[in-house]
Every structure is written in C-alpha cells, then in structure tokens.
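We use all heavy atoms of the structure for the numbers below, so side chains are in, but hydrogens, waters and symmetry mates are not.
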Amino acid sequence: MTKATEVGPEPVPTLGPRFFMRPAVVVAPALLGVTLLINGVGGIIVETEAYAPDDPASHSFRGPTPRNQAMFGPPGHAYVYRIYGMHWCLNFVCESGHAVLIRALKPTTGIEIMAERRGTTVTKQLCSGPGKLAQALGVTKALDGAPLCAPNAHLVPTDEPINASTGPRIGLSKAIEVPWRFGLMGSPFLSRPFPKS
DNA sequence: AGCTTGATTGCCT
DNA sequence: GGCAATCAAGCTA
C-alpha cells in the first residue's frame, strides 16, 4: 500500500546521448552495474573495455573505414563488428572515435532465450565474453550504427555502489599495458579474472 | 593477423 | 569439483 507521503515511483532513468558524449575511458567504468537489454533480453554489465582514436589498439586509430564507421557516428549508438570471422562484438559509441566494448554481463532477463541461443543452460557461460554476450543477446551486424534506445535496447543505471577492478585489456598486441579494462570486483560472470593487484 | 571461444590439461581455492 | 592456464579451430581483411 502506498503511503500518503509517497508520490509514486520515480521515472526509470535511462542512459542517453549525454551519458556517452565523453571519452570512452570515462564511460567504460560508468557502465558497470548498468542493466542492458536488447529486445528485452540481457542483464547487468560487469565488464567493459575502453578504446580511443589515439589508441593503437583501437579500430578507430587509423581513421574512418567502412568497418568502423559507426565509431565516428552519434554517441549512444552501437558499433558491432565481426571478430575472427565467427563472433560479433558489441560496443557503445562515445564521443567521436571512442567506444566501449561490452565484454560480459550477469544474465538477469530472458535467461531461457539466451540459453537457447548459446546452446547451454550454464548461466555463467551465457554472457562471460564479448562473443558469447553478442550471441546470447542476438546482436549482429544489423545493430551496427543503431541507437541504443527503445524499442530495441534499454540501458538502466544502477543505484548500487560499484567496486571496480581495472587491468590490461584482453587479446591485444599493442598498448597491452594500458589498464582500460574494467570489471565489477569479484563478479563470477567475468570473461576472465583480473590480474592480482 | 585478429578486441575469441570451446575443449583440454593441470592445479589448488 | 571448480577454477586457471593452454591450444587450436574458424573466417574475413
């Protein structure tokens, strides 16, 4: 029952262009704890990586190409690319040439759909890596350049405090020491553990 | 060669 | 058993 002093639920806050119109290294840790749903399926972001245009490891390092065009498009849109010829990776575009790779999330919504897409019912294996995450959420090239807002996507910030781990990004041959990987400390849903501090 | 995954192997938590 | 390290498959640029 609602008490007289309450005026009803707060409007659900949603992350919009202003949230993303910043450097990726600022946005990436801020995305931890955010709920991400694609067509109603997803969970809580627990691992991200930042990429910037002056970063030799970034797709945007050598300027716009047909493949990375979305990285130079509107902030708050998706950048989706294929890796190793077989997996899709989902990024959020920040200010021009910046993007955040979504590496892992804690499944919360549509778990059965994700399990079917992934071919496993092991929750920890549904979204514990960028390729797995994209498969579980049904992300393909069709989402490349698309805005990350209703009805296709929902981004809802958390009101919980965040403890972040940081460390080197994964799988790089350049700038391997730059600590632009961020994770929810102690989460069992990370793609890999963070190196001991 | 590449911002990975899944299966395999080895080692403790 | 559960987790961490190792290795090769798989396609596009």
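Residue A:Arg118 is classed as a sugar-phosphate contact, given heavy-atom separations below 4.0 Å to backbone atoms only. Contact annotation for A:Lys174: no contact, since no heavy-atom pair falls under 4.0 Å across all strands. Nucleic acid contact for A:Ser173: sugar-phosphate only, since backbone atoms but no base atoms lie under 4.0 Å from a heavy atom of the residue.
Looking only at distances, a side-chain donor or acceptor of A:Ser60 sits under 3.5 Å from a matching main-chain atom of A:Gly97. With hydrogens and angles disregarded, a donor-acceptor distance shorter than 3.5 Å links the side chain of A:Glu49 to the backbone of A:Ile170. In terms of modelled atom types and a separation under 3.5 Å, the side chain of A:Arg117 and the main chain of A:Ala136 share a donor-acceptor contact. Counting only distance, with no hydrogens or angles, the side chain of A:Asn91 and the backbone of A:Val80 share no donor-acceptor pair below 3.5 Å.
Put simply, A:Lys124 has no side-chain N or O that comes within less than 4.0 Å of OP1 or OP2 on C:dG2.
For the pair A:Arg103 and A:Phe182, the NZ or CZ position fails the cation-pi test of under 6.0 Å to the six-membered ring centre and within 45 degrees of the ring normal.
Atom-to-atom, NE2 of A:His59 to C1' of B:dT4 comes out at 12 Å; the value is rounded to the nearest Å. Taking atom OH on A:Tyr81 and atom P on B:dT4, their separation rounds to 6 Å, with Å as the unit.
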Go through the steps for A:Arg22 and A:Glu95 under the test salt bridge (Lys or Arg N to Asp or Glu O under 4.0 Å), then give the verdict.
-> CA-CA 5 Å; A:Arg22 299 180 289 172; A:Glu95 63 181 38; over 6 Å; no
May I have the step-by-step check of side chain to side chain donor-acceptor pair (under 3.5 Å) for A:Arg118 and A:Gln135, ending in yes or no?
-> CA-CA 7 Å; A:Arg118 290 277 301 113; A:Gln135 185 182 25; 2.8 Å; yes
How does protein contact run along nucleotides 8-13 of chain C, one letter per nucleotide 5' to 3', with B for base contact, S for sugar-phosphate only, - for none, heavy atoms under 4.0 Å?
-> -BBB--
Would you write the dot-bracket representation of DNA chain B, where each base gets (, ), [, ], | or . depending on whether it forms a Watson-Crick or G-U pair under 3.5 Å and with which partner?
-> ||.|||||||||.
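Within residues 93-110 of chain A, the residues that place at least one heavy atom under 4.0 Å from DNA chain B are, in residue-number order, A:Leu101, A:Arg103. Listed by residue number, the members of residues 128-145 of chain A with any heavy atom below 4.0 angstrom from DNA chain C form an empty set. Across residues 23-30 of chain A, not one residue has a non-hydrogen atom less than 4.0 Å from an atom of DNA chain B.
Listed by first and then second residue, the salt bridge (Lys or Arg N to Asp or Glu O under 4.0 Å) pairs that reach into residues 144-161 of chain A are A:Lys141-A:Asp144, sequence neighbours excluded.
The hydrophobic cluster containing A:Met114 also contains A:Leu90, counting ILVMFWY residues as joined when their side-chain heavy atoms lie under 4.5 angstrom apart, directly or transitively.
One finds the CG atom of A:Leu32 at 6.5 Å from the CD1 atom of A:Ile162 (value rounded to the nearest 0.5 Å).
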